Amino acid sequence: MADEKKTKAVKLANPLTASIDPATQQMIKRAQELSVDTVFDRAENMKPCNIGLQGTCCKNCAMGPCRLPLPKGGIEGEDDRKGLCGATPNTIAARNFARMVAGGAAAHSDHGRGVAEVFLSVARKETEDYVIKDYHKLISIAPHFDVATTVEVDGETLDRDLDEIALEVAEKAMAEWGRTEGEPYYMKRAPEQLYNRWKEMGVLPRNVDREIVDIMHRTHMGVDQDYKNIVKQCTRAALADGWVGSMIGTDLQDVMFGTPNPIQSEVNLGVMKKDHVNIIVHGHEPILSEMIVAATQSKEMIDYAAEKGAKGIQLGGICCTANELLQRHGIPPAGTFLQQELAIVTGACDAMVVDVQCIFQNLANVAKCFHTKLITTHPIARMEQNNVIHIEFDEHHAMDDAKRIVKMAIDNFENREVDVIIPPIKENQVAGFSVESIEYHLGGSFRGTYYTLNDNIINGRIRGIAGVVGCNNARTKHNNDHIEIIKELIKNDVIVLTTGCSAIAAGMHGLLTPESAAVLCGPGLAEVCETVGIPPVLHMGSCVDNSRILLAATEVAKAGGLGKEIKDLPVAGSAPEWMSEKAISIGHYFVTSGVYTVFGCHMPVEGAPVFKDYLYKDLEGIYGGMWDCEADPIAHAQKMIAHIDKKRQELGIDKARERVLMDMAARQAIEG
Ligand code: NFS
């Protein structure tokens with residue numbers, strides 16, 4: 001009887017409504033046939049708490065949790081809801097929001113710190129496994145840290161010793177996390193007017209760690225009780241994430257592993273190969289996965305795999321680790337965040353190697369049902385289940401660790417138990433668009449700036465620029481909102497910059513190929529893409545690489561003709577299927593850098609309408625950017641387009657676009 005009840009209570013997801021991707025649908029079904037539950041099924045059986053959803057549950061002290069949902073039928077008259085201490089819905093929602101910013105900023109910035117630590121080891125020559133691959137990038141970032149790249153000797157200017165530059169950059173970068181006075185160097189990389197606004201508002205971060213600790217203090221029971229003041233602190237922490245922790249992370253990764261250039265690859269579960277040893281790397285930090293790439297390409301490992309009967313070693317990625325390896329090596333992503341369990345369900349995953357962030361604990365349960373070795377590698381991210389192997393990764397013996405992991409996967413190849421079913425579904429894609437490579441492709445070497453891009457925005461062929469980024473969320477149909485929104489944008493001549501799981505989704509659905517421009521874009525954007533030979537959606541890397549989008553926007557502002565700072569540009573941001581605290585931190589640094597930013601799904605602010613208005617409306621008056629939320633993908637994209645048009649109008653370039661459209665229509669009539 002009890003069992004019967006249990007079975008009855010378990011609902012299964014409908015694969016067709018859970019995802020728009022046929023590979024995902026196929027693997028959800030297979031998991032269900034094998035009685036392996038996945039996130040898609042779990043989402044059917046656990047609904048979110050309505051009070052948390054509204055952002056008005058406070059559990060910051062033991063007199064609570066105090067729950068302050070909106071009364072049915074809304075608020076009439078005075079809003080007298082309060083917690084035991086008197087905390088209002090605004091205070092509670094703002095505190096919860098702030099703690100999300102802190103969590104997100106901490107995750108990105110601690111990743112950045114890890115990169116800086118490895119770079120310091122490289123500069124001090126304490127490791128042989130990592131080297132400086134891109135001296136050009138090192139030289140280009142050195143001045144931002146006030147590090148000289150030349151020396152005067154007897155009145156002559158000479159190039160400074162590269163090792164010396166590396167060491168000084170490494171030490172100064174490392175110190176940014178705990179800087180004791182002044183402000184982080186990179187804040188001055190923003191357009192001058194924006195920097196001045198931050199200064200005037202008193203939101204320039206002091207250092208990365210302090211702003212996060214400050215949030216934790218200020219949101220402790222009985223401290224900051226003014227939602228505006230709490231949001232101000234969110235701004236300091238989020239700016240410290242985007243412009244410091246993440247940006248240094250991206251830069252130093254480029255220095256050590258190479259600055260991305262357009263590179264061709266494939267994407268989706270179909271990149272796994274039945275007759276190969278399949279290793280899936282999942283998480284965020286390329287420190288480990290860069291070594292795994294090298295290990296899988298070593299003759300020793302390739303020979304060993306052959307000895308064990310495999311045709312080769314196929315490496316694939318999930319989440320942002322996938323993006324890191326894709327943009328620098330062309331290693332194909334096997335899927336987005338929501339596909340992590342499904343990679344194991346193929347029965348072909350010989351090892352899944354994880355580092356930090358966005359890793360489901362349920363991977364261990366799924367791995368138990370197959371032969372897959374699940375290997376954790378980071379001291380801060382372990383799992384309690386006893387089938388998980390922990391191999392702690394250290395930059396001082398990185399290659400040995402990587403080989404040990406790869407060997408473990410190869411040894412496991414012969415242990416496959418169930419039938420291997422890899423959905424034969426994958427797409428071609430071009431990724432690897434850094435700020436530098438966009439400048440090269442769109443700016444041309446003649447002017448060496450973003451001027452050509454600006455010119456195309458001014459003349460109306462390109463209507464504007466959108467950043468579409470972020471996660472998947474099991475509360476909405478996998479990939480659907482990313483794809484609908486991006487398609488609507490490019491159809492309306494808005495060029496899209498993408499990162500994170502959104503970029504993987506775009507690749508899976510064929511939006512990252514130059515050929516897609518002719519089929520899916522409006523006439524103006526199609527013409528530009530075809531002339532330059534780029535996709536209409538540019539893959540700019542991982543979520544930490546959203547710093548690249550900040551810098552691309554800065555370059556556009558600096559190139560001239562479109563106002564002076566980011567808020568003046570016809571740009572908008574979007575995270576259609578967001579779920580992580582990192583997304584909130586990213587959203588807030590985009591907003592406070594001047595970008596109108598729309599989130600999909602829902603935002604945990606509905607229970608505190610005054611606080612919500614502050615984020616959605618009032619911030620525009622301060623920073624030029626503001627939050628918004630729209631779950632319907634077409635309405636979501638249209639809101640972004642409306643903002644872009646508003647900015648075009650303010651710049652006085654709205655008429656140019658009307659002319660272009662007429663020209664294109666006229667031309668098409670002739671061609672037709
Ligand atoms: Ni970004 Fe990358 Fe994906 Fe979301 Fe997670 S992987 S850091 S948080 S889910 S985009």
Side-chain angles (χ1 to χ4, degrees), residues 19 21 24 39-40 43 100-101 103-112 114-115 238 241-242 245-247 249-250 253 267 280-289 316-327 333-343 352-363 378 381 431 467-476 478-479 481-483 485-486 497-508 539-549 573-590 597 599-601:
S19 173
D21 166 45
T24 300
V39 64
F40 299 96
M100 293 183 87
V101 172
H108 286 145
S109 298
D110 213 31
H111 166 169
V115 175
D241 173 355
S246 287
M247 201 173 278
T250 295
Q253 283 172 184
V267 53
I280 299 285
V281 281
H282 171 22
H284 285 77
E285 298 185 352
I287 301 293
L288 156 80
S289 46
I318 298 271
C319 285
C320 283
T321 290
N323 290 322
E324 299 285 4
L325 297 189
L326 166 68
Q327 65 183 345
T336 62
F337 171 70
L338 282 184
Q339 290 169 284
Q340 52 186 283
E341 291 162 303
L342 306 180
M352 183 173 276
V353 190
V354 302
D355 51 65
V356 288
Q357 301 168 24
C358 300
I359 297 150
F360 286 169
Q361 180 159 3
N362 197 58
L363 284 179
H378 204 289
V468 183
V469 307
C471 328
N472 285 143
N473 185 325
R475 299 291 175 203
T476 183
H478 172 238
N479 284 1
D481 303 354
H482 288 295
I483 301 311
I485 288 168
I486 294 176
L497 310 179
T498 182
T499 58
C501 290
S502 187
I504 302 175
M508 286 169 63
H539 187 319
M540 295 194 75
S542 66
C543 286
V544 157
D545 294 332
N546 280 318
S547 61
R548 298 191 202 276
I549 299 186
S574 160
E577 301 177 25
W578 80 279
M579 61 84 206
S580 77
E581 293 170 323
K582 290 178 287 178
I584 293 288
S585 181
I586 292 167
H588 200 64
Y589 72 63
F590 270 106
T597 303
F599 270 39
C601 303

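Just so you know, ligand 1 is whichever comes first in the structure, and atom 1 is the first atom listed for that ligand. No experiment lies behind these values; they were computed from the predicted model shown. Throughout, residue positions are numbered sequentially from 1 according to the sequence presented.
The shortest non-hydrogen separation linking Gly104 to Asp241 is O-OD2, 3.9 Å. The shortest non-hydrogen separation linking Pro333 to Ile504 is CB-CG2, 4.1 Å. Residues Gln340 and Cys358 approach most closely at NE2-O, 2.8 Å, considering heavy atoms.
Of all protein N/O/S atoms, those under 2.8 Å from atom 5 (Fe) of ligand 1 are Cys358 SG, and waters are not counted.
At a threshold of 4.5 Å between non-hydrogen side-chain atoms, the residues Glu577 and Ser502 do not count as touching. Annotation: side chain of Met508 is not in contact with side chain of His482 (no heavy-atom distance under 4.5 Å).
In this structure, Trp578 and Phe599 have tilted ring planes: the angle between them lies in the 30° to 60° band.
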